[in-house]
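Reading through the structure tokens given below for one structure.
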Amino acid sequence: MKKATLLFALAMLLLFGCRAKKEVDVIDLPRTDASPEVVAAVDSFVNATQTRPVKPDSITLHSIMILKHGKVVLEKWFNGQSAEMPHQMFSVSKTFTATAVGLAINEGKLKLDDPVVSFFPDKLPAEQSDNLKAMTVRDLLTMTCGHDTEPNAKNTDSLDWVKGFLAWPVTHKPGEYYLYNSVGTYMLAAIVQKVTGEKLLDYLDTRLFQPLHIAKPEWEESPQGINCGGWGLKLKTEDMAKMGQLFLQEGKWNGKQIVPADWLKEMSKYQVPSAPSGTRFEDLEKAGLNKDNNEWVQGYGYQMWMCRHNAFRADGFAGQYIMVFPDKDAVLVLTTSSSLYQPYMDLIWQYLLPVL
């Protein structure tokens with residue numbers, strides 16, 4: 001009897017073990033050797049991050065990965081990080097949320113011009129301004145919701161983040177005033193969950209992560225059980241690189257169109273003028289920020305930033321980047337803990353751009 005029980009347990013272990021392995025199905029990107037020029041450039045870049053900034057410890061590299069023509073040509077990890085360690089994405093999460101919106105639109109579950117209020121009739125404030133009524137999904141994607149200050153739904157009188165967002169004053173006409181807005185991205189996650197019946201993470205798992213052979217990641221949730229959308233996703237460096245490569249391949253992976261090409265083009269092109277997080281648009285000139293000296297005023301797409309050199313990027317707090325260079329058929333991924341932004345970006349242009 002004991003022997004039969006043991007055999008049954010072993011059989012179940014093998015069965016479910018195989019199923020788990022099949023469910024994850026992680027497949028790495030192809031590799032090739034880096035040229036001596038690439039190796040030297042990366043070494044110079046790493047050294048410069050430690051010697052050039054105002055504070056020697058202002059840029060702490062965690063990882064770097066370079067792809068050319070769909071192959072990893074160089075990868076390095078630093079300061080206790082490793083290939084198998086997921087990294088906090090911060091606002092890189094936003095790009096994945098926008099991708100989910102595009103998939104839901106493609107499935108006919110919502111439209112760009114749908115009013116935000118239409119999804120949450122039970123969470124609206126007693127009085128609704130015309131500007132609130134005019135706010136659309138597109139306005140959430142481009143961060144032109146019309147708010148004069150960034151909402152902080154977690155600190156409103158309501159514990160419900162959606163209610164907190166909808167109660168925030170909409171001072172400007174939506175679509176006309178850019179203000180960086182992370183809670184607006186949370187609203188996109190809430191809308192995806194509302195129209196699909198799935199949490200954002202689960203919705204993306206079958207449509208994006210599994211086709212890219214990425215093990216289902218972690219994504220923080222609000223008290224209402226909605227993935228945060230604008231932050232809270234954790235990914236490995238190679239997972240980030242796959243997303244960048246997907247943009248280069250216009251949504252195709254292993255011969256299958258997993259994200260509509262037109263949607264990725266809309267995400268990654270200039271939609272509206274932009275300003276750095278925490279900066280009001282009208283204060284740019286006063287702060288001396290312009291397209292010649294700042295990477296955060298190059299324009300904004302759908303939850304993605306435009307770059308100089310005809311590039312675009314997913315961008316997260318403290319220096320998490322998925323940078324895509326269509327002209328060079330290249331992807332650059334960096335994870336970092338940095339208190340410097342433009343000086344860090346300047347080092348990327350100086351040392352890494354020439355060898356991409």
Side-chain angles (χ1 to χ4, degrees), residues 32-79 81 87 89-92 95 237-238 240-241 243-245 247-248 268 270 274-277 279 284 287-301 304-356:
T32 189
D33 293 333
S35 68
E37 290 79 11
V38 170
V39 173
V42 170
D43 287 345
S44 296
F45 170 75
V46 172
N47 182 62
T49 63
Q50 304 306 307
T51 58
R52 285 281 300 278
V54 177
K55 299 177 182 178
D57 60 348
S58 293
I59 300 176
T60 303
L61 290 174
H62 290 164
S63 70
I64 179 171
M65 184 174 284
I66 298 174
L67 277 69
K68 282 285 290 182
H69 311 308
K71 296 181 179 180
V72 178
V73 299
L74 187 140
E75 54 192 318
K76 284 190 175 185
W77 283 265
F78 311 87
N79 297 298
Q81 303 295 306
H87 200 281
M89 290 293 96
F90 300 103
S91 287
V92 168
T95 297
T237 303
E238 186 150 350
M240 300 167 70
M243 189 63 167
Q245 188 62 33
F247 273 90
L248 274 183
S268 58
Y270 183 107
S274 60
S277 174
T279 303
L284 288 178
L289 302 181
N290 57 61
K291 287 191 173 185
D292 294 328
N293 63 22
N294 189 271
E295 215 60 43
W296 286 264
V297 299
Q298 305 299 319
Y300 200 71
M304 298 194 83
W305 296 87
M306 304 303 102
C307 304
R308 284 176 280 188
H309 311 291
N310 198 33
F312 57 88
R313 73 187 185 280
D315 182 318
F317 174 77
Q320 323 314 317
Y321 300 132
I322 304 173
M323 304 183 73
V324 182
F325 299 82
D327 294 348
K328 298 178 179 293
D329 195 18
V331 175
L332 172 63
V333 173
L334 290 153
T335 61
T336 316
S337 175
S338 174
S339 59
L340 296 178
Y341 290 92
Q342 192 57 52
Y344 182 30
M345 194 68 72
D346 291 340
L347 295 179
I348 293 172
W349 298 142
Q350 180 180 351
Y351 293 100
L352 301 183
L353 178 65
V355 298
L356 290 179

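Starting from 1, each residue takes its place in the sequence as its number.
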Please answer whether the main-chain N or O of Leu61 pairs with a side-chain N or O of Asn79 as donor and acceptor at a distance below 3.5 Å.
yes

Can you tell me how far the OG atom of Ser58 sits from the CD atom of Gln50, to the nearest 0.5 Å?
9.5 Å

Taken in chain and number order and not counting sequence neighbours, the residues that satisfy side-chain hydrogen bond (donor to acceptor under 3.5 Å, both in side chains) with Ser35 are Glu37

Just wondering, do Pro326 and Phe312 contact through their side chains at under 4.5 Å, heavy atoms?
yes

Least distance between heavy atoms, Val39 atom then Ala34 atom
CG2-CB, 3.9 Å

Separation between CD (Gln245) and CD (Glu238), nearest 0.5 Å, reads 11.0 Å

Gly299 and Ser274 have their tightest heavy-atom pair at N-OG, 3.0 Å

Side-chain heavy atoms of Leu284 within contact of Pro276, under 4.5 Å:
yes

Please enumerate all residues that pass side-chain hydrogen bond (donor to acceptor under 3.5 Å, both in side chains) together with Asp43, with sequence neighbours excluded.
Lys76

Heavy-atom check, side chain of Tyr321 versus side chain of Trp305, under 4.5 Å
no

State, yes or no, whether a side-chain contact exists between His62 and Phe78 at a heavy-atom distance under 4.5 Å.
no

Any donor-acceptor pair under 3.5 Å from Gln320 side chain to Ser91 backbone:
no

Sequence neighbours left out, what passes side-chain hydrogen bond (donor to acceptor under 3.5 Å, both in side chains) with Asn310? Give chain and number order.
Asp327

Return yes if some donor-acceptor pair links the side-chain N/O of Asn47 with the main-chain N/O of Ser44 below 3.5 Å, else return no.
no

Any donor-acceptor pair under 3.5 Å linking the side chain of Arg313 with the backbone of Met306?
yes

Minimum heavy-atom distance Met323-Cys307, with the two atoms named:
CE-SG, 4.2 Å

When you measure from the side chain of Ser338 to the backbone of Ile59, do you find a donor-acceptor pair of N or O atoms at a distance under 3.5 Å?
no

Is the distance between the ring centroids of Tyr270 and Tyr300 less than 6.0 Å?
no

Checking the side chain of Thr279 only, and the main-chain atoms of Ala275 only, is there a donor and an acceptor separated by less than 3.5 Å?
no

Return a table of donor-acceptor pairs under 3.5 angstrom between the side chains of residues 63-74 and protein atoms on other chains or two or more places apart.
unit_1	atom_1	unit_2	atom_2	d
Ser63	OG	Thr237	OG1	2.8
Ser63	OG	Thr335	OG1	2.5
Lys68	NZ	Lys328	O	2.8
Lys68	NZ	Leu356	O	3.4
His69	ND1	Asp329	OD2	2.9

Review item, side-chain donor-acceptor pairs of residues 344-354, under 3.5 Å, at least two apart:
unit_1	atom_1	unit_2	atom_2	d
Tyr344	OH	Thr336	OG1	2.6
Asp346	OD1	Gln342	NE2	2.8
Trp349	NE1	Glu295	OE1	3.0
Gln350	OE1	Arg52	NH1	3.2

Could you work out, with side-chain hydrogen bond (donor to acceptor under 3.5 Å, both in side chains) as the rule, every residue matching Glu75, not counting sequence neighbours?
Arg31

Within 45° of the six-membered ring axis of Trp296 and under 6.0 Å from that ring's centre, is NZ or CZ of Arg308 located there?
no

Does Phe325 reach the side chain of Leu332, with side-chain heavy atoms less than 4.5 Å apart?
yes

